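A note on names: the letters A, B, ... follow the listed sequences, proteins ahead of strands, and every chain is numbered from 1. Every value quoted in this text rests on a predicted model; they were computed, and no experiment measured them.
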Number of protein chains: 2
Amino acid sequence: MARAATTTDAFNAVAEPRRRQILDVLAAGERPVNDLVAQLGLAQPLVSKHLRVLRQVGLVEVREEGRQRLYRLNGHPLKPIHDWVKNYERSWSQRFDRLDAVLAELKEKEQADESRNE
Amino acid sequence: MARAATTTDAFNAVAEPRRRQILDVLAAGERPVNDLVAQLGLAQPLVSKHLRVLRQVGLVEVREEGRQRLYRLNGHPLKPIHDWVKNYERSWSQRFDRLDAVLAELKEKEQADESRNE
DNA sequence: TTGACATATGTCTATATGAGTATACGATTC
DNA sequence: GAATCGTATACTCATATAGACATATGTCAA
């Protein structure tokens with residue numbers, strides 16, 4: 001089997017840095033394709049293709065206005081990523097240091113109790 | 001150009017659901033490969049290959065003990081993902097509703113002031 | 001209606017993938 | 001040292017990609 005399609009889910013869609021850039025620009029508000037082309041310095045067909053992927057996973061929505069297509073962000077599909085990754089925050093954040101210390105203490109105490117019962 | 005290698009960064013490495021599963025198991029503590037094979041129900045060579053990718057982006061580390069290799073989690077490389085995605089949290093979280101309301105109010109007031117100066 | 005503009009799609013190429021299967025390799029045990 | 005265990009690697013396959021380029025489609029203006 002090959003790698004999962006980029007359109008499988010937000011995880012795959014967002015693995016491509018250019019697509020993250022597009023979302024970052026759209027976070028400031030609705031934009032026509034050519035604005036994105038200009039801001040990102042990418043070829044227009046490439047931007048259109050990235051937008052297609054983002055559309056397919058629901059990360060952007062389009063609105064037609066004259067000959068322009070206005071794209072806007074929809075962050076909802078990013079929630080699963082956030083939900084998953086936030087469980088690992090303790091790996092780097094000092095915010096959890098105190099909690100970790102408490103847990104270690106509890107564990108130690110528990111083991112002491114166990115050995116008392118042997 | 002082809003899609004960026006899975007070993008390019010955590011974004012790409014973690015786009016594969018099996019690799020996320022592996023990390024989820026390792027979050028509970030150090031594990032030998034065969035434990036992962038059993039818990040995930042995957043073929044052993046497949047697990048080894050996924051572990052290799054995770055190693056290359058620094059998400060896991062290995063320790064040899066006899067004929068076993070004990071893998072453990074290192075969440076640090078996930079921080080960029082968390083940092084990026086958390087900026088989009090307002091897209092789905094109600095926690096930001098109040099803030100958004102305040103911002104909208106400010107904006108309205110600002111526009112009122114502007115029109116007074118015309 | 002002709003042309004310019006905004007965007008999407010098709011084709012091509014190089015490349016890498018996940019999974020399956022077989023096998024290699026080092027450590028241990030007999 | 002032979003057999004076994006735990007793990008990694010090699011090879012194969014089908015498939016999808018990002019990007020470059022050319023072109024199609026639709027909309028507006030002169």
Closest of D:dA18, C:dA19, D:dA8 to the B:R55 side chain is D:dA8

Which residue lies more 5' along DNA chain C, comparing A:L46 with B:E16 via nearest heavy atoms:
A:L46

Which nucleotide, C:dA19, D:dT9, C:dG26, lies nearest any side-chain atom of B:P45?
D:dT9

Nucleotide C:dA8, atom P - distance to OH of A:Y71 in whole Å:
4 Å

Pairing residues for A:D35 by the salt bridge (Lys or Arg N to Asp or Glu O under 4.0 Å) criterion, not counting sequence neighbours:
none

Are A:V25 and A:L51 in one and the same hydrophobic cluster, where Ile, Leu, Val, Met, Phe, Trp and Tyr link if side-chain heavy atoms are under 4.5 Å apart?
yes

By nearest-heavy-atom nucleotide on DNA chain D, the more 5' of A:R67 and A:R18 is A:R18

Sub-4.5 Å side-chain heavy-atom contact between A:R55 and A:V62
yes

Looking only at heavy atoms, what is the nearest atom pair of A:W92 and A:V85, with distance?
CH2-O, 4.2 Å

Please report, rounded to the nearest Å, how far the C1' atom of C:dT17 is from the NZ atom of B:K49.
10 Å

Crowded around B:R72 CZ? As in, over 12 foreign heavy atoms under 6.0 Å?
yes

So, does B:R19 get its side chain near the phosphate of C:dG18, meaning an N or O under 4.0 Å from OP1 or OP2?
yes

Does the side chain of B:H50 come under 3.5 Å of the side chain of B:R19 through a donor N or O and an acceptor N or O?
yes

Taking all atoms of both residues into account, what is the closest heavy-atom pair of A:P32 and A:Q68, and its distance?
CB-OE1, 3.6 Å

Quick one: sort the A:F11 and A:W84 rings into parallel, tilted or perpendicular, breaks at 30° and 60°.
perpendicular

Could you state the atom-to-atom distance from CZ of B:R52 to P of C:dA19 in whole Å?
16 Å

To the nearest Å, how far apart are B:M1 CE and C:dC12 C1'?
16 Å

Classify B:Q44 by what it touches in the nucleic acid, base, sugar-phosphate, or nothing, heavy-atom distance under 4.0 Å.
base

Nucleic acid contacts of residues 20-33 of chain A, taken as heavy-atom distances under 4.0 Å to DNA chain C:
A:P32, A:V33

A:L78 to A:L59 - nearest heavy-atom pair and separation
CG-CD2, 3.6 Å

Whole-Å distance separating the CZ atom of A:R69 from the C1' atom of C:dT9
11 Å

Of A:A2 and A:S48, the one whose closest nucleotide on DNA chain C sits nearer the 5' end is A:S48

Quickly work out the A:N34 CG to D:dG26 P distance and round it to whole Å.
19 Å

Angle between the two end axes of the helix from C:dT1-D:dA30 to C:dC30-D:dG1, five base pairs per end, rounded to 10 degrees?
10°

Mind calculating the distance between CG (B:L51) and C1' (D:dT7) to the nearest angstrom?
10 Å

Should B:Y88 and A:N74 be marked as a side chain to side chain donor-acceptor pair (under 3.5 Å) after you check the CA-CA gap, both sets of side-chain angles, and the distance that decides it?
CA-CA 9 Å; B:Y88 293 89; A:N74 175 8; over 6 Å; no

Please report the distance, rounded to the nearest Å, between CG in B:L42 and P in C:dT21.
14 Å

